[in-house]
Trainee: 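Have a look at this one before I ask anything.
Proteins come first, then strands; the chains are lettered A, B, ... in the order of their sequence lines, and each starts at number 1. Heavy-atom basis, side chains included; hydrogens, waters and symmetry copies ignored.
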2 protein chains.
Amino acid sequence: MVRTRATVRDLRRQNRSVLLTALFLDGPLSRQQLSLATGLSPATASTITGELLDEGLLVEAGSVDSDGGRPRVLLRVNPAFGYVIGVDVGETGIKVELFDLAMTRLSTVDRLLTALEPALVADLIASGVDEVLAGVEASSVLGVGVGVPGTVEQGESAVVHAQTIGWDAVPLEKMIRAAGVTLPLLVENGAKTQGQAEMWFGAGRGARHAVIALVGSGVGIAVVAGGVVHRGATSNAGEWGHMTIAYGGRRCRCGARGCLEAYAGASAVLARYREAVRRDDSSLDEQSALEELLTSRSAVARRVVDESVGYLGAGIANLVNLFNPERVVLGGWAGLAFGAVKLDEIVAATSSHALRHPFGQVRIELALTGPDAVAVGAATLPLAVLLETGAPG
Amino acid sequence: MVRTRATVRDLRRQNRSVLLTALFLDGPLSRQQLSLATGLSPATASTITGELLDEGLLVEAGSVDSDGGRPRVLLRVNPAFGYVIGVDVGETGIKVELFDLAMTRLSTVDRLLTALEPALVADLIASGVDEVLAGVEASSVLGVGVGVPGTVEQGESAVVHAQTIGWDAVPLEKMIRAAGVTLPLLVENGAKTQGQAEMWFGAGRGARHAVIALVGSGVGIAVVAGGVVHRGATSNAGEWGHMTIAYGGRRCRCGARGCLEAYAGASAVLARYREAVRRDDSSLDEQSALEELLTSRSAVARRVVDESVGYLGAGIANLVNLFNPERVVLGGWAGLAFGAVKLDEIVAATSSHALRHPFGQVRIELALTGPDAVAVGAATLPLAVLLETGAPG
DNA sequence: GAGGTTAGTTCGCGCCTAAAAATAAGCCTC
DNA sequence: GAGGCTTATTTTTAGGCGCGAACTAACCTC
């Protein structure tokens with residue numbers, strides 16, 4: 001439903017956006033190909049590209065023969081037009097990365113976090129941003145995207161809620177500002193930024209309706225409907241982990257019973273295994289422990305793994321039934337570990353819990369990016385703004 | 001994400017749509033109020049309303065004093081500009097209704113269905129449409145909306161899949177055409193049309209993110225995200241009933257185990273009660289039986305009801321977690337029956353299974369329309385087309 | 001009925017895209 | 001190697017659109 005009026009200027013804005021997006025996603029194109037791809041007349045494609053070339057947003061990228069006629073001049077987004085910064089706020093550390101417009105990583109700064117203290121996080125982000133900016137004109141940076149744990153309420157300024165790490169209505173955007181960052185800021189949930197990365201550069205490419213399911217210690221999703229990340233009324237949408245899947249079942253860290261996370265998250269899987277073998281073998285870190293569990297040939301281990309696959313399949317099936325995506329991408333470190341050895345079984349479990357018809361429409365695939373894609377996805381946020389508005393600033 | 005170029009004509013189209021929608025939803029408005037409400041300049045508001053008046057889409061609707069100055073002339077959508085037809089294909093019969101553009105019901109035709117045979121349904125629809133059209137110029141009918149059980153795959157022409165009544169890829173749109181209907185046809189899932197009615201005229205009014213949960217013998221939902229009904233890749237989205245909620249639990253008619261419908265649908269609630277009392281008291285129809293169960297003071301009945309409330313709450317909580325709506329509307333005949341006596345308990349059960357933050361954003365209310373709203377909602381489909389395109393045809 | 005106030009209309013401007021025409025830049029043939 | 005052919009891009013022209021400013025209409029008060 002359209003809800004707002006349009007003026008003549010909006011036309012140009014939209015057509016610039018369409019053209020720029022086509023160039024960004026489908027590589028170098030000639031003006032003529034652009035005209036075909038976007039539906040714009042050759043005349044308009046020419047004027048708009050002319051404008052964008054003048055502004056430095058585009059550059060020529062060689063030419064190709066056209067059998068018999070004038071060769072086509074290829075155009076592409078100018079990687080050096082500006083930069084974007086992506087920040088990944090993880091549970092143990094912060095990563096700040098600088099990219100050019102072709103999303104080539106130019107520099108990285110890692111900082112360990114001793115405590116998930118909001119003020120500390122804001123300070124580290126600010127200093128990290130300063131550091132990656134060394135030698136770069138700050139005015140040519142389009143913005144800073146920040147991927148954080150928990151849900152992000154987008155309002156006047158972004159506020160973070162993360163029950164599990166004790167962040168209750170943390171005004172992170174304001175705090176980062178206060179710590180000295182003056183660039184445009186875009187704060188978003190880490191699962192959503194990782195999902196964005198997967199949609200643009202990973203297994204989600206080309207899908208208009210997709211669910212990116214991320215299984216780590218906990219579980220989360222990013223839902224893309226009609227090409228747009230689904231956010232809900234207050235950006236809380238996508239709390240897959242605390243979906244009730246076994247009514248009255250295991251207690252979850254959120255306080256409720258029977259949450260998916262209490263069965264299919266890596267921590268929960270390992271806990272179930274420890275209970276089953278009555279042994280507290282927590283000397284290993286979770287990732288190694290899960291690897292060991294997945295490759296173990298003991299009957300108990302196999303049972304726990306199979307059960308986990310069943311729960312995970314049911315959880316995915318619920319997503320398939322509710323969202324009817326054309327693609328489900330399974331990611332996250334635990335998701336990838338499970339998927340590497342059990343993808344077929346996960347698909348089968350999904351099939352047995354999903355309705356036939358929506359299940360028949362979906363392709364379930366493994367993610368192509370790992371958790372390190374959070375920063376990449378975050379960096380795409382300011383880039384997405386550029387593509388949507390068709391102009392910097 | 002914008003995906004298609006725009007021409008100068010699109011401006012007018014969009015602005016007509018914005019203006020027409022404002023008039024339809026917010027009753028009679030003066031040109032000046034329209035200008036304010038839509039953001040259009042007074043000049044443009046005036047030219048466009050002039051056009052729409054000329055075309056007969058609008059009519060004047062009296063005037064109101066403006067303290068001291070020229071009075072405002074109120075405008076509204078001309079109810080007599082055209083008609084829309086809504087069809088409700090239920091399990092036991094077909095209802096065809098004719099409305100004017102103010103959605104005033106002008107006539108109704110009911111037909112009993114002896115069998116849910118697609119060809120029979122198509123024939124009955126065609127003859128029903130003929131009958132309600134008696135005395136009405138067919139050319140002034142904007143279209144026929146059809147609400148059907150099962151999911152509707154929107155493609156070249158609509159195809160219906162309804163596993164439970166044995167409809168497997170029924171090309172209903174083509175069949176209705178073949179039966180002689182030449183008007184524009186819009187086929188949609190009945191839950192979605194009922195949800196549409198609730199959004200336009202019921203408890204969903206004004207919400208941009210809402211879930212309409214319909215509990216009858218089975219259960220289903222319509223999800224509205226950002227003001228638009230969420231359809232998914234192939235319009236299968238919203239299969240709430242077969243969400244796994246009790247892993248490994250009761251067998252559902254879909255073949256899987258632990259589906260919500262196997263616990264919270266009216267048929268399932270009654271079945272659970274019958275099992276509990278070890279008595280097959282199926283002499284009553286479902287609606288009376290449920291009423292009796294809900295008012296019974298026996299301990300067993302109360303236990304079954306309370307358990308059902310718990311499952312229903314968990315099911316709603318999953319929706320709250322996943323979609324983060326600002327409103328959940330509980331409807332359907334069984335939903336209304338439960339809600340009438342147990343709404344507080346349902347809200348409490350939802351609260352105990354949902355995450356605190358998304359739950360804090362949502363209002364859970366009872367539907368204002370009953371199952372008879374399927375036809376109303378279906379009739380809004382062609383109307384929505386009119387509002388979106390800003391022009392007939 | 002003169003002056004004031006608010007609502008709605010008209011007109012000129014600047015901007016937009018599309019279609020048609022012109023130009024540019026290669027290839028091919030003789 | 002000159003003319004013709006083909007294809008890509010730019011220029012020109014025409015038709016639309018929304019906006020701001022100026023203008024007209026329709027009421028009120030004194």
Trainee: List the steps and the verdict of side chain to side chain contact (heavy atoms under 4.5 Å, CB included) for A:I176 and A:L185.
Mentor: CA-CA 9 Å; A:I176 299 174; A:L185 266 176; 3.8 Å; yes
Trainee: Figure out the CZ/P separation between A:R31 and D:dT10, and round it to whole Å.
Mentor: 4 Å
Trainee: For A:Q33 and for A:A6, locate the closest nucleotide of DNA chain D by heavy-atom distance; then report the residue assigned to the nucleotide nearer the 5' terminus.
Mentor: A:Q33
Trainee: For the pair made of CD in B:Q14 and C1' in D:dG16, what is the distance, rounded to whole Å?
Mentor: 16 Å
Trainee: Is A:E51 paired with A:R16 through a side-chain N to carboxylate O contact shorter than 4.0 Å?
Mentor: yes
Trainee: For the pair made of CZ in B:R72 and C1' in C:dG8, what is the distance, rounded to whole Å?
Mentor: 12 Å
Trainee: Identify which nucleotide among D:dC19, C:dC16, D:dT9 has an atom closest to any side-chain atom of A:V8, counting heavy atoms from C-beta outward.
Mentor: C:dC16
Trainee: Please encode protein proximity along nucleotides 21-30 of chain D as a string of B, S and -, counting only heavy-atom distances under 4.0 Å.
Mentor: ----BBBS--
Trainee: What's the CD-P distance between B:E51 and D:dC17, to the nearest Å?
Mentor: 7 Å
Trainee: Between D:dT9, C:dC15, C:dG8, which nucleotide has the shortest distance from any of its atoms to the side chain of B:Q32?
Mentor: C:dG8
Trainee: Figure out the CG/P separation between A:L40 and C:dA19, and round it to whole Å.
Mentor: 12 Å
Trainee: Using atom types as modelled and distance alone, determine if a side-chain donor or acceptor of B:N15 lies under 3.5 Å from a backbone N or O of B:L40.
Mentor: no
Trainee: Taking the side chain of A:T44 as its heavy atoms from C-beta onward, which of D:dT10, C:dA18, D:dG18 lies nearest to it?
Mentor: C:dA18
Trainee: Taking the minimum atom-to-atom distance to the side chain of A:R5, which one of D:dG15, D:dC19, C:dA18 wins?
Mentor: D:dC19
Trainee: Whole Å only: how far is the CD1 atom of A:I48 from the C1' atom of D:dT9?
Mentor: 15 Å
Trainee: Return the value, rounded to whole Å, for the distance between atom CZ of A:R16 and atom C1' of C:dC15.
Mentor: 14 Å
Trainee: Could A:E188 and A:R231 be called an ion pair, given the rule that one side-chain N must be under 4.0 Å from one carboxylate O?
Mentor: yes
Trainee: Does B:N15 have a side-chain nitrogen or oxygen under 4.0 Å from the phosphate oxygens OP1 or OP2 of D:dC17?
Mentor: no
Trainee: Let's see if you can work this out: which of D:dT9, C:dG8, C:dC15 has an atom nearest to the side-chain heavy atoms of B:V73?
Mentor: C:dG8
Trainee: Whole angstrom is fine here: how far is it from CZ in A:R9 over to P in C:dC16?
Mentor: 7 Å
Trainee: When you measure from the side chain of A:N189 to the backbone of A:V152, do you find a donor-acceptor pair of N or O atoms at a distance under 3.5 Å?
Mentor: no
Trainee: Would you say the side-chain atoms of B:N236 pair up with the backbone N or O of B:E153, donor to acceptor, closer than 3.5 Å?
Mentor: no
Trainee: Is B:R5 reaching over with its side chain to a backbone N or O of A:G39, donor-acceptor style, under 3.5 angstrom?
Mentor: yes
